[in-house]
Every structure is written in C-alpha cells, then in structure tokens.
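One structure is given below, encoded as structure tokens.
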Amino acid sequence: DVTAAADAAGDEVEEAAGIFDGMGRAATDGLKSALADGKITFEEFGDWVLQWGAQFLNNVLSQVLDPLGDALQGTLDGLG
C-alpha cells in the first residue's frame, strides 16, 4: 500500500530529524559565549567544537539506544 509506505517514510524522516533537535541553539549559544569579549581564542573555539560534538553525539546515541531500551523494557515487562 502506497499510503502506508509514505506514512512509514514520513515517520522515519521525523525520527531522523530528532537527531538535530537543539543543535542550532547549542551552536549559536556556544559561539555567543566565546565571542562575548569581542574575540575568540583557539582554546575557546576548540571548547565550542567539543561541546557541540558532544551534544550531537548524545542526540545520535539517544535516537539509536532509546528505542532499544524501550524494546528491552517491554520484553522484560512481558516476562514478569
């Protein structure tokens, strides 16, 4: 059924988009903080990159691991 396939594809796109939730805010807030004094040092820029990367990795892992944890919890609940 084409409608079901389109709905499934839409759900997958929405789920994948969740990886980027809050990433724009994390990027701009970090840069604003680093540039607060009108200049940015290499160390401040490096800290910003690490912070943004950690946020992105956290979002990716959450999108991958949360459904696995939910499935495992459902299985364990079914056993008890």
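Everything quoted here is computed from the prediction, not taken from an experiment.
Between Trp52 and Phe56, the ring planes lie parallel to each other; the angle is under 30°, not in the 30° to 60° tilted range.
With 3.5 Å as the limit, one finds a donor-acceptor pair spanning the side chains of Gln73 and Asp77.
With sequence neighbours left out, the side chain to side chain donor-acceptor pair (under 3.5 Å) criterion links Asn58 to no other residue. Scored by the side chain to side chain donor-acceptor pair (under 3.5 Å) test, Glu43 finds no partners at all (sequence neighbours excluded).
Pro67 and Ser62 make their closest contact through CD-O, 3.9 Å (heavy atoms, listed as atom of the first residue, atom of the second, distance). Residue Lys39 comes nearest to Glu44 through the heavy atom pair O-OE1, 3.7 Å, listed as atom of the first residue, atom of the second, then distance.
Here CD of Gln55 is found 13.5 Å from CG of Leu50. Values are rounded to the nearest 0.5 Å.
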